[in-house]
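This is a predicted model, so every value here is computed, not measured. We name chains A, B, ... by the order of the sequence lines, and we start the count at 1 in each one. In what follows, every heavy atom counts, from backbone to side chain, and hydrogens, waters and symmetry copies are set aside.
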Amino acid sequence: MRFSAMFIPTLRETPSETEAISHKLMLRAGFVRQLASGLYIFLPLGWRVMNKINAILREEMDAIGAQEISMPVLHPAEIWQQTGRWDAIGDEMFRLKDRTGRDMCLGMTHEEIMTWLASREIRSYRDLPQVWYQIQTKLRDEARPKSGVLRTREFIMKDSYSFDVSEEGLRKNYQLHAEAYHTIFTRCGLKFSMVESDPGMMGGAISHEFMAPSPAGEDEIALCDKCGYSANVELAVSIPVKNEPKEWSLEEVHTPDKRTVQEVSNFLKLPSSYFIKSILVIADEGPVIALVRGDQELHEKKLAKVIGNHRPAQKREVKEILGVEAGFIGPVGQTIRIIADTSLKKGEYVSGANKPHYHLRGIKAEKDFSPEWHDIHTAKAGDLCAKCESALRVERVIEIGNIFQLGIKYSNPLRAFFLDENGQEKPIVMGSYGIGPARIAAAAIEQNNDKDGIIWPKSIAPFDVELLPLNMNDPKTVDVAEKLYADLTAMGLEILMDDRDERAGVKFKDADLIGIPLQIILGEKNLKEGLVEIKERKTKEAVKVKVEEVVERTTSLR
RNA sequence: CGGGGCGUAGCGCAGUUUGGUAGCGCGCACGGUUCGGGACCGUGAAGUCGGAGGUUCAAAUCCUCUCGCCCCGACCA
């Protein structure tokens with residue numbers, strides 16, 4: 001491609017109202033433009049990258065026997081009503097009516113439609129297994145689109161669905177997908193981890209997420225370098241570092257106006273890990289006290305799994321229900337339901353005395369209070385791995401893919417049944433598997449950039465090589481450039497030739513910004529000696545090479 | 001949905017406090033000089049100041065309403 005013939009609107013200045021590096025660089029380098037909040041236009045360069053990624057997705061999906069199909073984006077409501085998600089999902093679903101008044105929605109995902117197809121077409125165990133996938137647009141009315149292409153309202157997703165006769169078949173397809181995903185992300189040049197994840201509303205028992213480390217991410221994962229344990233902090237379990245034992249007998253201590261853990265900790269000159277944080281929440285069943293150690297944070301979702309929907313109590317409610325203001329509540333002598341984090345089972349603690357301006361020191365679990373024990377704290381860096389007790393690391397990550405074992409959650413309500421060898425009717429056992437190609441692109445930029453711009457991994461770069469004939473008014477430069485362009489193209493390389501009548505500086509700046517992995521620089525002086533420069537975008541290292549050797553050297557570097 | 005910020009030329013911004021009829025840099029067009037890391041000189045085009053209503057002799061500026069975008073949080077199948 002000739003630069004002059006391609007629409008590459010680079011920007012010298014960073015548009016304001018952008019935060020994520022990938023967002024800034026995609027805009028500046030002319031890969032995307034924003035249409036509205038959470039809606040992006042992919043320009044020629046951006047679309048080339050997307051297609052590179054999609055080609056890898058297709059190759060690896062085909063390699064595990066998945067078959068590409070294409071499903072509508074507009075769905076009738078009935079199918080979503082049958083699985084209950086029409087009602088379970090709120091404002092995030094785009095809904096509309098057709099001209100006859102029929103309820104419709106725009107697909108946020110395709111479990112329902114894929115299962116509908118299976119329910120109509122799959123009758124016998126002989127028809128199974130099947131794996132179907134598509135690379136298709138999804139629409140979600142996100143509460144908060146953000147970070148450029150990372151969280152949008154309309155996005156392309158590679159989604160595949162496996163259909164099996166048994167759990168065993170599902171596990172096999174699940175495993176195949178996990179392996180394919182490893183290959184895909186490795187090929188795309190990403191650093192990533194596969195972690196245990198919370199299936200959430202997707203349903204099913206087991207799910208994993210593929211996470212690319214980046215400060216622009218929205219999730220956090222806990223990692224153990226020793227035993228390899230890795231999980232989304234949504235469900236990661238950890239053991240807080242143990243306290244030195246204390247020889248305390250139970251006694252009240254006067255703590256005038258000291259309410260927060262921090263205040264009492266400073267006042268008593270005791271680390272916050274010796275305190276019990278008592279948090280009153282209002283659940284559907286009524287008030288519940290949640291206890292976590294003073295240096296830990298309560299994990300709302302873990303607590304929700306135990307007591308269901310709940311909200312923090314207001315200050316006024318604390319006083320009404322417990323008879324003492326929030327700063328001085330504690331577990332001892334309570335009659336309402338108490339859920340305590342398991343890390344409090346051992347040790348001696350300080351907590352509120354349920355009496356204004358007093359705390360109790362020397363509290364022991366089971367002796368002074370008897371709660372229900374659950375893991376309800378948030379795993380944090382420095383906590384110990386629940387499996388091998390070495391220190392955990394916590395990393396911010398971008399979710400680039402996920403895999404779910406759905407089981408019969410969708411096949412049952414949609415009556416996707418088959419007859420087994422014995423003529424027995426059984427629901428198809430399903431899995432679903434997603435990858436966001438735009439997130440791969442964004443994560444690749446987040447992980448590979450410098451002050452000058454993007455540094456694309458070779459596999460997903462919009463072009464293999466950028467040719468930079470510096471002076472388009474020099475006939476020799478143009479001749480050599482045209483020849484190299486033709487020869488390299490003939491070798492199967494994709495070349496972007498900056499044939500614009502621009503100054504050298506402009507071409508260099510744009511080339512670095514756009515981030516094509518190899519630059520071949522044709523300067524007048526070098527050409528007089530029969531030389532050109534081959535420069536790696538990543539290292540900025542350049543070698544001078546004879547014109548005749550360029551094709552060979554370039555193909556070997558690629 | 002809660003909190004905060006911002007809408008002035010394609011982009012980045014000043015002007016708003018204290019009303020007086022819109023400006024700078026980049027980009028763009030044309031001419032000339034330049035030509036290995038975002039050149040220089042000159043000329044020029046380009047803005048219903050997000051929108052609607054109001055106050056006023058006069059509104060980018062003050063008031064009311066409204067739309068949009070960004071950030072933090074909640075949410076995220």
Side-chain angles (χ1 to χ4, degrees), chain A residues 9-20 23-24 27-30 33-40 80 83-93 105 107-112 115 138-148 150-153 155 157 159 197-204 207 209 216-219 232 234 300-301 304 309 311-312 399 402 404 406 409-410 432-434 436 451-453 468-474 477 498 500-514 519-528 531-533 535 540 542 544:
Chain A
T10 59
L11 263 24
R12 186 191 292 239
E13 284 170 291
T14 308
S16 63
E17 315 218 305
T18 57
E19 201 67 24
H23 189 194
K24 290 179 184 171
L27 247 20
R28 279 196 59 208
R33 286 295 182 263
Q34 185 178 20
L35 172 65
S37 180
L39 299 175
Y40 282 82
W80 287 81
T83 61
R85 286 163 112 190
W86 178 265
D87 295 314
I89 294 167
D91 294 336
E92 218 172 315
M93 183 187 275
C105 66
M108 339 176 51
T109 175
H110 282 78
E111 277 78 16
E112 274 77 0
T115 311
K138 312 286 179 204
L139 292 122
R140 300 180 185 181
D141 197 357
E142 287 288 348
R144 182 146 106 82
K146 57 182 286 201
S147 308
L150 279 176
R151 188 163 206 82
T152 54
R153 296 192 291 176
F155 58 97
M157 184 160 132
D159 48 326
S197 76
D198 184 349
M201 293 269 299
M202 261 300 194
S207 69
E209 288 163 327
E218 299 179 86
D219 287 290
N232 194 313
E234 299 286 330
E300 305 272 342
K301 286 189 178 168
N309 283 334
R311 59 172 175 83
E399 182 188 347
N402 51 42
F404 296 91
L406 299 175
K409 178 175 160 114
Y410 296 92
S432 84
Y433 316 87
K451 65 171 182 14
D452 294 314
L468 296 166
L470 296 184
N471 183 1
M472 291 302 289
N473 296 317
D474 173 44
T477 302
D498 193 345
R500 295 175 300 171
D501 185 15
E502 284 287 355
R503 298 169 62 84
V506 173
K507 296 191 179 191
F508 286 135
K509 288 289 182 189
D510 275 345
D512 287 349
L513 222 205
I514 290 166
Q519 300 173 3
I520 298 181
I521 301 161
L522 312 191
E524 242 179 302
K525 279 182 200 152
N526 283 328
L527 278 178
K528 279 184 184 143
L531 297 173
V532 305
E533 277 172 273
K535 185 171 169 187
K540 297 261 173 101
K544 287 188 187 175

J.: Would you say E92(A) and E142(A) make side-chain contact, with heavy atoms under 4.5 Å?
T.: yes

J.: CG of L35(A) versus C1' of C70(B): gap in Å, rounded?
T.: 16 Å

J.: Which is more 5' along RNA chain B, the nucleotide nearest E19(A) or the one nearest K301(A)? Just name the residue.
T.: E19(A)

J.: Separation of R33(A) atom CZ from G10(B) atom C1', in whole Å?
T.: 10 Å

J.: Using the C1' atom on both, measure G7(B) against C13(B) and round to a whole Å.
T.: 13 Å

J.: Name the nucleic acid region contacted by K138(A), choosing base, sugar-phosphate or nothing; use a 4.0 angstrom heavy-atom cut-off, strictly under.
T.: nothing

J.: Distances under 3.5 Å only, N/O to N/O: pair up the protein atoms with those of nucleotides 35-41 of chain B.
T.:
unit_1: G36(B); atom_1: O6; unit_2: G523(A); atom_2: N; d: 3.3
unit_1: G36(B); atom_1: O6; unit_2: N526(A); atom_2: ND2; d: 3.0
unit_1: G36(B); atom_1: N1; unit_2: E533(A); atom_2: OE1; d: 2.6
unit_1: G36(B); atom_1: N2; unit_2: E533(A); atom_2: OE1; d: 2.8
unit_1: G37(B); atom_1: O6; unit_2: K535(A); atom_2: NZ; d: 2.1
unit_1: G37(B); atom_1: N1; unit_2: D512(A); atom_2: OD2; d: 3.0
unit_1: G37(B); atom_1: N2; unit_2: D512(A); atom_2: OD2; d: 2.4
unit_1: G38(B); atom_1: O2'; unit_2: R12(A); atom_2: NH1; d: 2.1
unit_1: G38(B); atom_1: O2'; unit_2: R12(A); atom_2: NH2; d: 2.7
unit_1: G38(B); atom_1: O6; unit_2: R28(A); atom_2: NH2; d: 3.1
unit_1: G38(B); atom_1: N1; unit_2: D510(A); atom_2: OD1; d: 3.1
unit_1: G38(B); atom_1: N2; unit_2: D510(A); atom_2: OD1; d: 3.2
unit_1: G38(B); atom_1: N2; unit_2: D510(A); atom_2: OD2; d: 3.3

J.: Touch check for T18(A), heavy atoms < 4.0 angstrom, all strands: base, sugar-phosphate only, or nothing?
T.: nothing

J.: Using 4.0 Å as the upper bound for N to carboxylate O, is an ion pair formed by E111(A) and R85(A)?
T.: yes

J.: Does T152(A) have any side chain to side chain donor-acceptor pair (under 3.5 Å) partners at least two apart in sequence or in another chain, and if so, which?
T.: none

J.: Could you work out which one of C11(B), C71(B), C70(B) sits closest to the side chain of Q34(A)?
T.: C70(B)

J.: Start at the 5' end of RNA chain B and walk down; is the nucleotide closest to G38(A) or to E142(A) reached first?
T.: G38(A)

J.: Listed by chain and number, what are the side chain to side chain contact (heavy atoms under 4.5 Å, CB included) partners of A504(A), not counting sequence neighbours?
T.: L470(A), F508(A)

J.: Can you name the side chain to side chain donor-acceptor pair (under 3.5 Å) partners of E524(A), sequence neighbours left out?
T.: N471(A)

J.: May I ask you to test the L527(A)-T477(A) pair for a side-chain heavy-atom distance under 4.5 Å?
T.: yes

J.: G12(B) phosphate, OP1 or OP2: any side-chain N/O from T14(A) under 4.0 angstrom?
T.: no

J.: Under 3.5 Å, side chain of R33(A) to main-chain N/O of L27(A), donor-acceptor pair present?
T.: yes

J.: Expressed as a whole number of Å, how far does the P atom of U16(B) sit from that of C62(B)?
T.: 9 Å

J.: Tell which nucleotide pairs with C69(B), taking only Watson-Crick or G-U wobble pairs whose two distances are both under 3.5 angstrom.
T.: G5(B)

J.: Do the non-hydrogen side-chain atoms of K540(A) and D512(A) ever get within less than 4.5 Å of each other?
T.: yes

J.: Using the side chain to side chain contact (heavy atoms under 4.5 Å, CB included) criterion, which residues pair with A304(A)? Sequence neighbours excluded.
T.: H310(A)

J.: Sort me out a list of protein N/O and nucleotides 1-9 of chain B N/O pairs below 3.5 Å, or just none if empty.
T.:
unit_1: G5(B); atom_1: N2; unit_2: E17(A); atom_2: OE2; d: 3.4

J.: Under 4.0 Å, counting only non-hydrogen atoms across every strand here, what does S147(A) touch: a base, just sugar-phosphate, or nothing?
T.: sugar-phosphate

